[in-house]
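Note sheet for the following structure.
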Amino acid sequence: MVLSKNTVNSALFLVMHMLSVSGFYLSLNAQFLAVIQILVYAGAIMVLFLFVIMVLNMDEEEEVVSRVDFKQIFALVLSLVVLAQLLYIAGSYTGILPDLSQQEMLAVGTVEAIGDELFTTFLLPFEATAILLTAAVVGAMLLAQKNVNIEDEDE
Amino acid sequence: MIGLELYLGVSALLFVIGVLGVLVRKNAIVVFMCVELMLSAVNISLVAFSSYMGDVHGMILVFFVLCVAAAEACVGLAIVIAIYRNNITADISKINLLRW
Amino acid sequence: MNPMAEYVWLIMAIPLAGFLINGLVGLSSETYRNQKNVIGWLATIAVFVPFLISLQIFLSMSAGSEPVVVRLFTWIEAGNFTSDVAYRVDQLSMLMALVVTGVGALIHLYSMGYMKDDEGYWKFFTYLNLFIFAMLNLVMANNLVLLFLGWEGVGVCSYLLIGFWYKDMVKSSAAKKAFIYNRVGDFAFLIGMFLVFRTVGSLDFDVIFNNIALFTPDLAFWVCVLFFVGATGKSAQIPLFVWLPDAMAGPTPVSALIHAATMVTSGIYLITRFSALYMTSPEAMLLVAVIGGLTAIVAATIALTQNDIKKVLAYSTVSQLGFMFLALGSGGYVAAMFHLVTHAFFKACLFLGSGSVIHAMHHVEHELDHEGKKLKFDPQDMRNMGGLRKYMPSTYKTFMISTIAIAGLPFFSGFFSKDEILAYLFNAGMVGEYGAIYFVLWGLALVAAFLTTFYMFRLTLTTFHGTFKLPAKVKGAEDSAKYLHESPMNMTLPLWVLAILAIFGGLIGIPEFFVSTFTTADVNVNWLYEWLRGVTTRETIVLSVTTMWILAFIAIAVAVISTLLAFRMYNSDNADASDAAIKKRFGALYTVWEDKYKLDEVYESTIIKPGFNISDRGLAVFDIKVVDGTVNAIGSIVQFFGSLLRFVQTGVIQTYAIAFVIGVILIIGLLIF
């Protein structure tokens with residue numbers, strides 16, 4: 001996706017990525033999140049992306065790697081450094097995991113478990129997220145309107 | 001049993017690909033999609049830990065991350081549309097009015 | 001504790017209040033400035049009331065009273081050093097306070113008449129009150145810091161008052177000159193103060209006087225010399241006396257107050273106050289005496305050649321101050337204070353009298369102007385005067401009385417004080433290791449006394465006797481004599497008061513030998529000596545009574561001969577001829593005297609011009625190139641770095657994203673390791 005020239009192709013690759021991630025979640029016994037992922041991410045957000053791509057008519061080819069200049073090399077190097085660091089961290093934990101049976105691992109990702117926590121301990125963030133989403137929608141509407149004559153409005 | 005390290009390795013790899021994409025690509029929409037990629041990588045890591053530790057809080061955090069990602073995608077795309085309207089281009093290396 | 005001493009702070013506060021009221025209200029309100037009577041009376045009363053308070057305190061003290069220290073509040077507190085605003089009530093300071101406030105009040109009264117037509121009337125009285133405040137601080141302070149405050153304060157007021165008619169450049173320059181020469185002396189005074197502090201650890205008089213033993217002879221010498229240099233600045237001795245004649249540019253009451261009676265005597269007061277320290281260093285006292293003697297002679301010779309009334313009186317002041325320093329240098333501190341007091345009386349009277357004369361001559365000029373004749377003549381030149389005794393009897397009589405006093409003719413005040421100085425000089429010649437020098441100084445003092453009498457009578461006779469010369473000297477002023485008139489009451493009253501004091505003021509210090517020759521009773525008529533005995537030390541008198549009588553007669557003889565000579569030469573309108581005769585007699589020497597020994601020119605070429613050149617060529621260039629250059633260089637360095645750093649801001653988001661990633665790397669690196 002990152003290296004694809006065509007923008008729509010990139011978007012479709014991302015959709016595939018979302019589905020794969022959903023598969024990951026399922027293998028981790030997180031059923032609720034797997035489904036939510038497909039519903040929200042792949043179903044709504046990616047659709048939004050595609051809408052915008054279509055509206056802005058960005059289907060043209062563009063040169064991804066126009067010239068291999070210093071900036072690209074530098075970015076590659078930096079990314080590799082970050083990768084190295086993260087892998088180091090990932091490999092260095094020892095013995096912090098508790099011994100759990102399959103049954104318990106299964107119990108974590110169920111809807112009941114998540115809902116239990118969500119509506120008791122995390123009620124406030126939950127409601128706040130609702131407000132956040134509303135605000136985001138209103139903001140997006142305002143930002144993307146057609147140019148309205150400002151002279152009609154105040155002063 | 002698939003060990004936890006594998007999942008973490010996948011997450012790291014996806015994250016770094018996302019970073020690379022943000023730094024290299026010139027199209028604004030693609031940069032955005034790479035940001036989504038990074039968020040998703042973090043989500044994987046969170047869910048993995050949550051599952052292996054038996055703690056449900058990780059899942060809940062993923063839930064919220066999902067919501068925030070949605071909101072952010074919404075607003076970000078609106079901005080891109082606004083910029084595109086004024087400048088006809090979505091090439092972010094050309095949008096440099098805050099230059100010295 | 002003397003109960004009256006509680007009111008000491010009032011002595012200081014009332015002139016300060018007068019200054020503030022006259023100053024602030026005068027500054028803000030035009031109508032107040034025109035209330036000349038209110039301003040004048042307010043200022044005069046603001047000095048007269050302290051006089052009454054001082055008198056009360058004075059009368060409640062006796063010669064044996066212990067000094068009382070009245071502490072008002074702590075002024076400076078810095079580490080180990082504290083300095084209070086504290087006043088010392090003892091015999092010496094009360095004597096000085098009486099002189100300052102008494103003569104000051106009279107001069108305030110006089111100024112009400114003299115400055116009547118001046119538009120800066122309110123400013124004048126404001127400054128006068130400030131001056132009295134500063135001078136009182138000087139004489140009543142209990143530590144060197146407060147004394148220095150008063151010392152500088154009188155210097156400032158001197159500047160303000162000399163340059164009172166500031167629109168005239170000559171007068172402003174005279175004021176500047178006075179202040180700068182004073183400052184040079186003050187610098188030496190400060191260094192002396194530093195030395196004292198280093199030795200004793202405090203600047204309080206009590207602490208210093210209890211610890212005189214801490215001063216090694218070398219240290220004592222240097223402190224005394226440095227204080228003395230400060231005194232030469234204030235009291236106009238060689239080498240810093242050149243400001244005093246120029247200071248005559250100020251109004252006459254200023255000359256009377258500051259340059260006759262009070263400010264110039266502050267040097268004498270300082271040395272008297274520290275008499276205990278001076279007695280430990282004979283070398284310093286020798287230096288004081290030598291400088292005093294030289295000054296007395298130099299000033300007397302210059303005064304002989306001057307034709308401006310006020311200049312003659314100015315040089316006379318310098319000369320008399322030289323006498324006082326002669327006394328200080330030979331251990332006669334009481335004699336010096338005695339002469340200070342009598343000099344205040346007769347010199348103030350002389351100055352005020354001259355002011356009266358100048359006032360009249362100005363009036364003549366004014367009236368001639370009204371007639372339409374615009375004549376230019378110097379109203380202060382005594383060759384234009386003469387015969388004024390017909391028109392200004394009060395002025396003439398008081399002037400003559402004061403002249404007799406300064407001449408040292410018997411039984412007037414000047415006689416007693418001058419005679420005592422000569423006696424102490426001769427006495428110092430008999431004791432100590434430097435006796436020979438003191439004998440020479442005694443001879444010089446006699447010559448100076450001769451000259452004093454001579455030029456003072458020259459002045460008086462030329463001005464008041466004979467006929468009025470203006471009609472003869474200036475064309476068009478033939479009948480100007482009809483405009484001459486006596487000064488108003490508020491000017492002649494102070495003249496009379498001072499003249500009476502000049503006559504009888506000597507009675508406070510009749511030397512013992514006068515009486516002990518005639519009676520064997522153990523009564524001490526030298527009241528002043530008794531009074532000041534506790535606060536000053538003095539050299540012991542080894543002269544026998546006979547010697548003292550002989551000395552007295554020599555002094556009288558000198559004075560009488562000089563008087564007769566003066567009368568012969570100047571009494572009958574032959575001033576010009578007599579002056580020419582003297583000139584012929586002394587030839588080149590006379591020109592030296594007339595040029596004031598070219599001291600001003602010497603200072604100009606050796607100190608002022610080089611200093612100016614250093615400033616102009618050296619320091620100014622340094623300031624512009626180096627100092628400004630450094631500041632500009634710093635600015636341009638910052639600018640340079642700024643121009644390099646601004647390229648970080650590209651405006652492209654990805655650059656910032658790269659920065660993010662670098663930051664993330666660093667942080668994770670930190671966390672790992």
Side-chain angles (χ1 to χ4, degrees), chain A residues 1-2 7 10-11 14 17-18 21 24-25 27-30 32-33 36-37 40-41 44-45 48-49 52-53 55-56 58 62 64 72 75-76 78-80 82-83 86-87 90-91 97-98 100 104-105 108-109 113-114 116-118 122 125 129 132-133 135-137 139-141 143-144 147, chain B residues 2 4-5 7-27 29-30 32-34 36-37 40 43-44 47-48 50-60 62-64 66-75 77-82 84-85 90-91:
Chain A
M1 172 200 92
V2 173
T7 321
S10 266
L14 193 61
H17 163 83
M18 295 305 172
V21 167
F24 268 129
Y25 289 171
S27 77
L28 282 167
N29 301 313
F32 176 64
L33 279 177
I36 292 291
Q37 172 94 352
V40 171
Y41 243 129
I45 296 178
L48 191 60
F49 265 104
V52 173
I53 294 174
V55 161
L56 298 182
M58 275 191 236
E62 66 159 63
V64 175
Q72 326 277 27
L76 186 64
L78 281 182
S79 319
L80 288 176
V82 178
L83 182 65
L86 288 175
L87 287 179
L97 291 183
L100 292 175
E104 282 167 348
M105 283 172 72
V108 177
I114 293 182
D116 209 3
E117 280 299 309
L118 197 59
F122 291 95
T129 313
L132 175 70
L133 285 169
V137 166
M141 268 205 315
L143 280 172
N147 290 339
Chain B
I2 303 176
L4 180 59
E5 310 87 32
Y7 285 106
L8 293 182
V10 167
S11 164
L13 196 60
L14 283 173
F15 185 79
V16 169
I17 294 176
V19 168
L20 192 61
V22 167
L23 295 180
V24 169
R25 293 296 302 247
K26 285 186 296 196
N27 193 336
I29 306 270
V30 178
F32 239 113
M33 291 198 287
C34 293
E36 295 295 332
L37 189 57
S40 160
N43 279 352
I44 295 178
V47 171
S50 168
S51 175
Y52 275 87
M53 303 268 284
D55 197 352
V56 78
H57 292 97
M59 307 263 184
I60 297 186
V62 169
F63 180 84
F64 284 120
L66 219 53
C67 294
V68 170
E72 162 225 348
C74 180
V75 175
L77 287 172
I79 293 179
V80 169
I81 292 183
Y84 186 77
R85 279 233 187 84
D91 182 353

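- Taking chain A as the reference chain and counting heavy-atom pairs below 4.5 Å, the highest number among B:Val75, B:Ile81, B:Val56 is found for B:Val56.
- Between A:Phe49 and B:Met33, the closest side-chain pair of non-hydrogen atoms falls below 4.5 Å.
- A donor atom on one side chain and an acceptor atom on the other are not found under 3.5 Å apart for B:Ser40 and A:Tyr41.
- Using a 4.5 Å cut-off between heavy atoms, B:Ile60 touches chain A through its side chain atoms alone.
- Both the backbone and the side chain of B:Glu36 come within less than 4.5 Å of a heavy atom of chain A.
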- [ ] Begin from the C-alpha positions of B:Tyr52 and A:Leu28 and carry the test side-chain contact (heavy atoms from CB on, under 4.5 Å) through to its verdict.
- [x] CA-CA 8 Å; B:Tyr52 275 87; A:Leu28 282 167; 3.8 Å; yes

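- Looking at B:Ser50, both its backbone and its side chain come within 4.5 Å of chain A, counting heavy atoms on both sides.
- Summarising the geometry, atom CG belonging to B:Leu66 is positioned 11.0 Å from atom OG1 belonging to A:Thr129; distances are rounded to the nearest 0.5 Å.
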TODO: Evaluate side-chain contact (heavy atoms from CB on, under 4.5 Å) for B:Asn43 paired with A:Tyr25, printing each intermediate quantity in order.
DONE: CA-CA 9 Å; B:Asn43 279 352; A:Tyr25 289 171; 2.9 Å; yes

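- When each of A:Leu133, A:Val82, A:Leu80, A:Ile114 is checked for heavy-atom pairs under 4.5 Å with chain B, A:Ile114 comes out on top.
- Ranked by heavy-atom pairs shorter than 4.5 Å toward chain B, the options A:Gly139, A:Ser79, A:Ala75, A:Ala113 are led by A:Ser79.
- Across B:Val62, B:Val19, B:Val22, the residue that shares the most heavy-atom pairs under 4.5 angstrom with chain A is B:Val62.
- Counting heavy-atom pairs closer than 4.5 Å to chain B, the top-ranked of the candidates A:Val21, A:Leu33, A:Ile45, A:Leu86 is A:Leu33.
- Listed options A:Leu78, A:Leu132, A:Leu87, A:Leu118 were ranked by heavy-atom pairs under 4.5 angstrom with chain B; first place goes to A:Leu118.
- Contact detail for A:Leu48 and B:Cys74: the closest heavy-atom pair is CD2-CA, 4.0 Å.
- When heavy atoms are compared at a cutoff of 4.5 Å, B:Phe15 approaches chain A solely by way of its side chain, counted from C-beta outward.
- Atom CG of B:Leu77 and atom CG of A:Leu143 lie 11.0 Å apart (nearest 0.5 Å).
- For B:Leu13, the parts sitting under 4.5 Å from any heavy atom of chain A are the backbone and the side chain alike.
- To the nearest 0.5 Å, atom CG of residue B:Leu37 and atom NE2 of residue A:His17 are 4.5 Å apart.
- Under the 30°/60° scheme for interplanar angles, the aromatic rings of A:Phe122 and B:Phe64 are found to be tilted.
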